[in-house]
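Computed over heavy atoms, backbone and side chain alike; hydrogens, waters and symmetry mates excluded. What you see is a predicted model, and the numbers here were worked out from it, not measured in a lab. Residue numbers count from 1 along this sequence.
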Amino acid sequence: MKTYSISEVAESFNMTPHTLRYYDKEGLFPSIERTTGGKRIFKQSDMDALKVIECLKSSGMPIKEIKHFIEWCSEGDSTLQQRYDMFLERKASVEAQMEELKKTMEVIEHKCFYYKSALDSGTEDVHKNNKIKSSSAAH
């Protein structure tokens with residue numbers, strides 16, 4: 001079975017070994033093995049778990065909640081409903097974030113158009129006819 005050092009895992013996930021040690025300290029790797037010298041040995045299953053951990057983290061889930069998920073996984077099938085519900089909540093949260101980002105992108109695209117037009121004409125005066133529409137938005 002292929003194993004990985006903390007440095008290899010850190011490099012693979014573009015993170016620091018310190019972050020991995022923190023995750024382990026927080027209980028996110030309950031089945032991590034160690035060498036006789038105390039160094040962590042990561043298996044493929046740990047790598048797979050880390051992919052999910054990073055996904056949940058990037059969705060805005062706090063480490064404490066991720067730990068609950070890891071604990072549920074360790075408990076087995078009796079927690080399938082909790083895990084399913086958790087992912088439904090994550091999905092809804094990410095969808096809401098995407099909607100907010102979409103609105104943000106619309107403003108940014110408008111401002112890119114605004115400034116590109118002003119640059120092309122050499123002045124913001126090109127937008128004077130649109131002042132009423134854009135007066136609420138700072139230039």
Smallest heavy-atom separation, Ser59 atom then Val94 atom, equals CB-CG2, 3.6 Å

Shortest non-hydrogen separation from Ile70 to Gly27 and the atoms involved:
CG2-O, 4.0 Å

What distance separates [X] [atom1] from [Y] [atom2], expressed to the nearest 0.5 Å?
X	Y	atom1	atom2	value
Glu26	Lys67	CD	NZ	7.0 Å
Glu99	Glu95	CD	CD	8.5 Å
Asp77	Trp72	CG	CH2	15.0 Å
Ile6	Met15	CD1	CE	10.5 Å
Lys103	Leu101	NZ	CG	11.0 Å
Ile32	Asp46	CD1	CG	4.0 Å

Arg21 bridged to Asp24 by N-O distance under 4.0 Å
no

Is a donor from one side chain sitting under 3.5 angstrom from an acceptor on the other, for Glu54 and Tyr23?
yes

Given the ring of Phe113, does Lys116 sit roughly above its face, with NZ or CZ under 6.0 Å from the centre of the six-membered ring and within 45° of the axis?
no

Could Lys91 and Phe87 be counted as a cation-pi pair, given that NZ or CZ must be under 6.0 Å from the ring centre and within 45° of the axis?
no

Just by distance, do the side chain of [X] and the backbone of [Y] share a donor-acceptor pair under 3.5 Å?
X	Y	value
Thr79	Gln82	no
Thr104	Glu100	yes
Ser12	Val9	no
Glu8	Ser5	yes
Arg83	Phe69	no

Test of understanding: clusters of I, L, V, M, F, W, Y form through side-chain heavy atoms closer than 4.5 Å, transitively. Do Ile63 and Leu50 belong to the same one?
yes

Are Tyr22 and Met47 connected, step by step, through hydrophobic side chains (Ile, Leu, Val, Met, Phe, Trp, Tyr) whose heavy atoms are closer than 4.5 Å?
yes

Sole residue of Phe13, Tyr4, Phe29 in ring pair (Phe, Tyr, Trp, His ring centres under 6.0 Å) with Phe42:
Phe29

